[in-house]
Amino acid sequence: MFSEAWKVIDSILPLLLQGLWTTIKVSVVAIVAGSLLGVFLEPCEVCAGPCSPSSSGPTCTCSADRRS
Amino acid sequence: MLTQLIGTYLHLFRGSPFLIQLYVFYFVLPNLGMPLLEFDSWTASLIALSLYTGCYVTEIVNAAILAIPHGQEEAARSLGMNKFQALAHVVVPQALRQTIPPMSGVYVIIIKSTAILSVVGISELTRQGEVSILRFPSDIMLIYGVVALLYFIFCYPVLRFTDWAEKRVGGVRINLD
């Protein structure tokens, strides 16, 4: 039983490893691109957002605080 | 205007399934007739997955920036820095350290989401598993078991690395004194 299972694994493993390599390439590119997008997008929003004085005092409530 | 655009992007991408987003980039946008939007499967997949990742990373970074005491930015501004310099040199470096734990969860979700790309013809691991099942239809459990094991082999080092990075660099330090 195990020898038959090993034969199946042995014949499909190159195909699966090729698929794994494609998965690694796609996920690494997406993670890097998405992380850069997120890391630069949020500070840009905080920086660009208007600051309006709150009624409780001189502190500013920025747009990121209002959105969340 | 920028805030509203970013907010719209975040709400759209967090509020819809990734599969629908992928269909939009692969089937809908190329049919608009503009040559720039005629994406092949690879380009559509990478753009959709990157934007999907970006929306979650943005929210994580937002939470981390909000967790930094406002006094840090005020102190930086009192030293003569403008808002951008205070963010870049004081707030964001501290905030990024706090993003490490939730980022690992997002990264693992993205790795597992690549399985959805098989619907647009990307020959990633799940699709190759389906091709293998066509060759050996009686061994479906074995083949999916090997596919699951390979996903685990990829995801586990990512989680262990972020654990190490969190202990080494990141995390929140609470002073109880």
Side-chain angles (χ1 to χ4, degrees), chain A, chain B residues 1-3 6-7 9-10 42 45-46 48-66 70 74 83-84 87-88 91-92 95-96 99 103 106-107 110-111 113-115 117 122-129 131-132 135-136 139 142-143 146-147 150-151 153-154:
Chain A
M1 188 178 91
F2 290 113
S3 63
E4 283 170 17
W6 177 248
K7 274 184 202 163
V8 172
I9 293 172
D10 198 37
S11 60
I12 64 170
L13 202 57
L15 197 64
L16 293 183
L17 289 176
Q18 194 184 346
L20 179 63
W21 179 234
T22 305
T23 299
I24 290 171
K25 280 191 293 187
V26 171
S27 49
V28 165
V29 171
I31 285 169
V32 168
S35 301
L36 287 173
L37 180 66
V39 165
F40 286 110
L41 210 58
E42 185 55 32
C44 281
E45 186 195 13
V46 171
C47 207
C51 247
S52 58
S54 65
S55 56
S56 58
T59 56
C60 275
T61 305
C62 289
S63 61
D65 297 328
R66 285 202 298 274
R67 182 167 59 79
S68 59
Chain B
M1 175 81 175
L2 180 65
T3 309
I6 294 172
Y9 154 65
L10 292 176
W42 271 96
S45 303
L46 287 174
L49 202 53
S50 300
L51 290 173
Y52 185 68
T53 309
C55 74
Y56 285 99
V57 171
T58 304
E59 284 299 317
I60 289 169
V61 173
N62 176 38
I65 287 175
L66 290 177
H70 198 60
E74 286 173 355
K83 194 172 179 183
F84 177 75
L87 270 177
V91 176
V92 171
L96 284 182
T99 62
M103 288 284 215
V106 169
Y107 292 163
I110 297 307
I111 290 167
S113 296
T114 56
L117 302 179
I122 301 292
S123 297
E124 44 71 58
L125 184 54
T126 304
R127 173 110 176 178
Q128 300 293 40
V131 169
S132 305
R135 289 172 59 189
F136 300 99
D139 295 303
L142 174 67
I143 292 169
V146 174
V147 168
L150 288 173
Y151 272 115
I153 288 169
F154 185 20

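Proteins come first, then strands; the chains are lettered A, B, ... in the order of their sequence lines, and each starts at number 1.
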All N/O donor-acceptor pairs, side-chain side in residues 28-41 of chain A, below 3.5 Å, sequence neighbours left out:
unit_1: A:S35; atom_1: OG; unit_2: A:I31; atom_2: O; d: 2.6
unit_1: A:S35; atom_1: OG; unit_2: B:Y107; atom_2: OH; d: 2.9

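- Both the backbone and the side chain of B:L49 have a heavy atom closer than 4.5 Å to some heavy atom of chain A.
- Contact of B:I153 with chain A is not made at all, since no heavy-atom distance falls under 4.5 Å.
- Taken to the nearest 0.5 Å, the CG atom of A:L20 stands 7.0 Å off from the CZ atom of B:F154.
- Residue B:I122 touches chain A through its side chain alone, counting heavy-atom pairs closer than 4.5 Å.
- At a 4.5 Å heavy-atom cutoff, B:S45 makes no contact with chain A through either its backbone or its side chain.
- Here the side chains of B:L150 and A:L17 are in contact, with some heavy-atom distance below 4.5 Å.
- Considering only heavy-atom pairs separated by less than 4.5 Å from chain A, the leading option among B:I111, B:I110, B:L142, B:L117 is B:L142.
- Only the side chain of B:Y9 comes within less than 4.5 Å of a heavy atom in chain A; its backbone stays farther off.
- How far OG1 of B:T114 is from NZ of A:K25: 13.0 Å, rounded to the nearest 0.5 Å.
- With a 4.5 Å cut-off on non-hydrogen atoms, B:Y52 does not touch chain A at all.
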Name each donor-acceptor pair under 3.5 Å that joins a side chain in residues 5-16 of chain A to protein atoms two or more places apart or in another chain, with its distance.
unit_1: A:S11; atom_1: OG; unit_2: A:K7; atom_2: O; d: 3.2
unit_1: A:S11; atom_1: OG; unit_2: A:V8; atom_2: O; d: 2.9

